[in-house]
Amino acid sequence: MRLSRFALVTTKETPADAEVVSHKLMLRAGMIRKLGAGLYSWLPIGLRVLYRVEAIIREEMDRAGANEIRMPGVIPAELWQESGRWQKYGPELLRFKDRHDRDFVLGPTHEEVVTDLIRRDIRSYKQLPVNLYQIQTKFRDEIRPRFGVMRGREFIMKDAYSFHVTQEDLDREYLNMRDTYTRIFTRIGVEFRIVRADTGAIGGKRSEEFQVLAAAGEDLLAVSDTSDYAANIEAAACLPHGTRPAATAALQAVSTPGHKTCADVATFLKLPMQKLLKLLVVHAADGGLIALALRADHELNEVKAEKHPRIASPLVMATDAEIRAAFGCQPGFLGPVGCKIPVLADHAAAVLADFTCGANQDDAHLSGTNWGRDTAEPETADLRNAVAGDPSPDGQGMLTLTRGIEVGQIFENGPIYTAALGVKVLGEDGQEFTPTAGCYGIGVTRVVAAVIEQRNDDRGILWPDAIAPFRVIICPIGMDKNADVKAAAEALHDELQQAGVDVALDDRGLRPGAMFADADLIGIPHRIVIGDRGLKNAQFEYKRRDAAEPEMIAATTAAVLEKLRA
RNA sequence: CGGGGUAUAGCACAGCUUGGUAGUGCGUCUGCUUUGGGAGCAGAAGGUCGCAGGUUCGAAUCCUGCUACCCCGACCA
């Protein structure tokens, strides 16, 4: 490819609204341009990277026995109503009507559509298992799109769905996909970690995420410092540990006028947050209210709360009015003593003794509070987010927290969608049964951003060879003035191309500094500089993008190929 | 959805407080010189100042409404 004919626009300056490195570099390198909030055009240089990522995914999915299909992005609402997600899925689901006033959604994921496909075409157990995948544009009306392509509203996803006769076969395919994803991300050349996950909006039982470790990541991960345990904070269990010390202090009212927040009360009473108990009030599963007791320094884990049988799902926090009706005071002064609604205590909160909590009366707290003595023994549950230093749930080591970018997730859905859509297949025994299913996603556009987050320096991107827009760039110096340089550069370009190497020739006639700056910014892994200086000694200059210094090599295509192979 | 902010040339910004006919840098174009890490000089093009109203002799500037975009938060006990 000759850069003079390639639509490439790089910039020295970064547009004001880019915050994270990958977003800045993608804009500066001319990979993407923004159209609207969370909506991006992919320009030639960016598209090349995207296609390479897609190609690796296709190869590995096909190798794993999956079949590529393509479903529509626009889906009739009926299917979503049938699965129940028309109601369950929140405002992230973009809904609209056609000219006949019929409801449609812009697909954020395609369980319903594939399941419908299966329902129509799969008649016999002999047609199973089957794994269908597509690489397609999805739309999710994110609350807050940000970080460029990392959290866009429109994005490209590889989504795969498998259907099985038995749970064992689903387990087999789940592991098959786990291996496939491992191969995909390894080939792409990014460092990742497989992490236990919550099943979220998709639903189902077993699930793991593929996380690219990066400081800019939006997900918090809890990782054991000794074992291989790793989980998304949403799914990291906090097991009960420690026992409650005996009560020593007497229950005592303390005046805390206007001190509503935990931090405020702790400072005012000169107490550590760990000795303070907070009460959050949420809607209960039975339609009433339920109070959740947590240590003041801990955070409620909404995912865990939602799953608790006594708590309403989705989680709804009580309003100030509801709290006043139930407690007779404002939030900020709530406590378990004399509490008229059921109390569910987090394991860590339940082992507190002599703690301070709200007095259920405005401007007052209670010190020296003890479970069992001043209140009933609370029912306990795991309700909080793990924090650094917690024991690892597998009993080995301590948890540390790090950030990650979720680039893939695999699920065992089980029969939820097949049952909801009434998929019936004839079994070996002549009886109808409902197949069980799994689904497996990769955020293709996000992978591109995640790789950049992990691989960049102050000059630009450092692409791994596998997904670089070009593997090698030729920078001829003074090409327009020097016929030898021009001839050598063009010959090398043509010969590399014939050898199947994806090569760019910078024939734009720029000054050397500008050429080098662009090559570094765009992140091309290998660079050949051809100048009359080197040519006199029959030499090219070769530099790896990540090497400190260039080296001189013989001015032959073979010598260049040798370097590319290394 | 709540809070905050921004909107002026392709990009980044100044000008607005105190109303008077729109500017800087980068980029782009032309010419000459230059050519191993984003060149120098000279010249040039490019703006309905987000949109709609209002105030005023006069509005980028003041007022009202709208729209778009960005940031923070959505755990608060």
Side-chain angles (χ1 to χ4, degrees), chain A residues 9-20 23-24 27-28 30 33-39 90-91 141 143-148 256 259-266 273 276-282 289 291-305 315-320 322-324 326-327 329-336 339 346 356-363 365 383-385 458-460 475-482 485 506 508-521 527 529-535 540-541 543 549-550 552:
Chain A
V9 181
T10 58
T11 60
K12 250 190 283 191
E13 286 180 278
T14 312
D17 57 2
E19 281 204 294
V20 296
H23 189 194
K24 286 180 188 165
L27 289 168
R28 286 192 49 208
R33 289 291 180 257
K34 184 168 86 166
L35 179 63
L39 304 172
D141 201 354
I143 299 181
R144 198 169 145 208
R146 59 183 135 182
F147 303 150
T256 49
H259 297 287
K260 295 200 291 187
T261 69
C262 287
D264 205 6
V265 172
M273 293 275 277
L276 227 59
L277 187 93
K278 65 181 174 186
L279 222 54
L280 312 184
V281 184
V282 299
L289 294 176
L292 311 179
L294 282 116
R295 232 167 66 180
D297 59 322
H298 286 153
E299 289 178 345
L300 178 67
N301 180 312
E302 295 193 14
V303 171
K304 291 177 182 175
L315 189 75
V316 183
M317 301 298 290
T319 62
D320 285 10
E322 284 170 330
I323 289 174
R324 185 160 285 282
F327 287 83
C329 67
Q330 52 177 316
F333 301 99
L334 308 183
C339 178
D346 176 67
T356 297
C357 60
N360 296 329
Q361 178 187 327
D362 283 347
D363 301 331
H365 280 72
L383 295 174
R384 69 180 174 94
N385 278 339
D458 53 356
R459 287 180 177 159
C475 299
I477 290 171
M479 187 179 180
D480 300 329
K481 295 284 165 59
N482 189 317
V485 169
D506 195 343
R508 295 175 296 173
L510 300 183
R511 304 166 61 80
M515 271 194 289
F516 299 159
D518 268 353
D520 288 346
L521 174 61
R527 187 184 77 191
V529 178
I530 302 179
D532 54 351
R533 231 163 52 185
L535 233 39
F540 293 154
E541 176 193 296
K543 183 179 172 300
E549 296 297 331
M552 300 309 292

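Naming: A, B, ... by sequence-line order, numbering from 1 per chain.
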Using the C1' atom in both, what is the distance from B/rG15 to B/rU6, to the nearest Å?
16 Å
Of A/Ala263 and A/Thr10, the one whose closest nucleotide on RNA chain B sits nearer the 5' end is A/Thr10
Between P on B/rU35 and CE on A/Met515, what's the gap in Å once rounded to a whole number?
14 Å
Using atom CG of A/Leu35 as one end and atom P of B/rG10 as the other, report the distance to the nearest whole Å.
17 Å
Pairing partner of B/rC13, by Watson-Crick or G-U wobble and under 3.5 Å for both distances, is B/rG23
Is there a Watson-Crick or G-U wobble partner for B/rG31 with both distances under 3.5 Å, and if so, which one is it?
B/rC41
Within the structure shown, what part of the strands sits under 4.0 Å from A/Ile323 by heavy-atom distance: base, sugar-phosphate, or nothing?
base
Could you check whether any side-chain N or O of A/Asp346 sits under 3.5 Å from a backbone N or O of A/Leu383, counting only pairs where one atom can act as donor and the other as acceptor?
yes
Just checking A/Asp532: base, sugar-phosphate only, or nothing, at a heavy-atom cut-off of under 4.0 Å?
nothing
For a quick check of understanding: with a heavy-atom distance under 4.0 Å over all strands, which category does A/Cys262 fall into, base, sugar-phosphate or nothing?
sugar-phosphate
Quick one: label A/Gly531 by what it contacts on the DNA or RNA (base, sugar-phosphate, nothing), any heavy atom closer than 4.0 Å.
base
Ranking A/Gly534 and A/Pro15 by the position along RNA chain B of their nearest nucleotide, the one closer to 5' is A/Pro15
For A/Asp520, report the nucleic acid contact type (base, sugar-phosphate, nothing); a contact means any heavy atom under 4.0 Å.
base
Considering only side-chain heavy atoms of A/Leu521, which listed nucleotide, B/rG37, B/rG38, B/rA12, is closest?
B/rG38
Checking all strands, does A/Val9 fall into the base, sugar-phosphate, or nothing category for heavy-atom contacts under 4.0 angstrom?
nothing
Answer for the Watson-Crick or wobble partner of B/rG46, both distances under 3.5 Å, is none
Dump every N/O contact between nucleotides 68-70 of chain B and the protein below 3.5 Å, one line per pair.
from, atom 1, to, atom 2, distance (Å)
B/rC69, OP1, A/Ala37, N, 3.3
B/rC69, O3', A/Lys34, NZ, 2.9
B/rC70, OP1, A/Lys34, NZ, 3.4

Nearest-0.5 Å distance, CG of residue A/Asp17 to NE2 of residue A/His23
5.5 Å
Under 4.0 Å between any heavy atoms, over every strand shown, what does A/Arg384 touch: base, sugar-phosphate, or nothing? Just pick one.
nothing
To the nearest Å, give me how far apart CG (A/Asp346) and C1' (B/rA77) are.
16 Å
A/Arg33 and A/Leu27: which non-hydrogen atoms are nearest, and at how many Å?
NH1-O, 2.8 Å
Can you tell me which nucleotide in B/rG73, B/rA77, B/rG38 comes closest to the side chain of A/Ile143?
B/rG73
Polar atom pairs between nucleotides 25-32 of chain B and protein, under 3.5 Å, N or O only, would you list them?
from, atom 1, to, atom 2, distance (Å)
B/rG25, N2, A/Glu13, OE1, 3.3

Does a side-chain N or O from A/Arg511 land closer than 4.0 Å to OP1 or OP2 of B/rA39, or not?
yes
As an exercise, state the distance from CG of A/Leu334 to SG of A/Cys329, rounded to the nearest 0.5 Å.
5.0 Å
Okay, side chain of A/Lys278, backbone of A/His298: is any donor-acceptor separation there less than 3.5 Å?
yes
Strictly distance-based, threshold 3.5 Å: is any side-chain N or O of A/Arg28 a donor or acceptor partner for the main-chain N or O of A/Thr10?
no
Any N or O donor-acceptor pair linking the side chain of A/Arg527 to the base of B/rG37 at under 3.5 Å?
yes
Pairwise P distance for B/rU17 and B/rG50, with rounding to whole Å:
16 Å
P atoms of B/rA9 and B/rU24, separation to the nearest Å:
14 Å
Side-chain heavy-atom pair A/Asp520, A/Arg527 within 4.5 angstrom cut-off
yes
Return the minimal non-hydrogen interatomic distance between A/His259 and A/Phe333, and the atom names on each side.
O-CE2, 3.4 Å
Should A/Val265 and A/His365 be marked as a side-chain contact (heavy atoms from CB on, under 4.5 Å) after you check the CA-CA gap, both sets of side-chain angles, and the distance that decides it?
CA-CA 9 Å; A/Val265 172; A/His365 280 72; 3.6 Å; yes
Sidechain-backbone polar pair: A/Asp362 side chain, A/Gln330 backbone, donor-acceptor under 3.5 Å
yes
What does A/Val529 touch in the nucleic acid at a heavy-atom separation under 4.0 angstrom: a base, only the sugar-phosphate, or nothing?
base
Nucleotide paired to B/rC62 in any strand shown, Watson-Crick or G-U, under 3.5 Å
B/rG54
Out of B/rA77, B/rU35, B/rG37, whichever nucleotide has its closest atom nearest the side chain of A/Lys278
B/rA77
Would you confirm whether A/Lys34, through its side chain, and A/Gly148, through its main-chain N or O, come within 3.5 Å as a donor-acceptor pair?
no
Which nucleotide, if any, forms a Watson-Crick or G-U wobble pair with B/rU67, using both distances under 3.5 Å?
B/rA7
Considering only side-chain heavy atoms of A/Lys481, which listed nucleotide, B/rG73, B/rU35, B/rG37, is closest?
B/rU35
Could you measure between the two C1' atoms, the one in B/rG27 and the one in B/rG65, and give it in whole Å?
37 Å
On a heavy-atom basis, the closest approach of A/Asp506 and A/Pro476 is O-CD, 3.2 Å
Taking only the C1' atom of each, what is the distance from B/rC49 to B/rG23 in whole angstrom?
12 Å
What heavy-atom pair brings A/Ala326 and A/Leu289 nearest, and what distance separates the two atoms?
CB-CD1, 4.1 Å
Once you apply the 3.5 Å cut-off to both distances, tell me the Watson-Crick or G-U wobble partner of B/rG73, or none.
B/rC1
Using the P atom as the point on both nucleotides, what is the distance between B/rA59 and B/rG20, in whole Å?
11 Å
Whole-Å distance, A/Arg146 CZ to B/rG73 P, equals 7 Å
If we take the P atom in both B/rG31 and B/rU67, what is their distance in whole Å?
49 Å
Round to a whole Å and report the spacing from CZ of A/Arg33 to P of B/rG10.
14 Å
Atom C1', compared across B/rU21 and B/rG25: separation rounded to whole Å
24 Å
Classify the nucleic acid contact of A/Arg533 as base, sugar-phosphate or nothing, counting any heavy atom under 4.0 Å across all strands shown.
base
In whole angstroms, the gap separating C1' of B/rA12 from CZ of A/Arg28 amounts to 13 Å
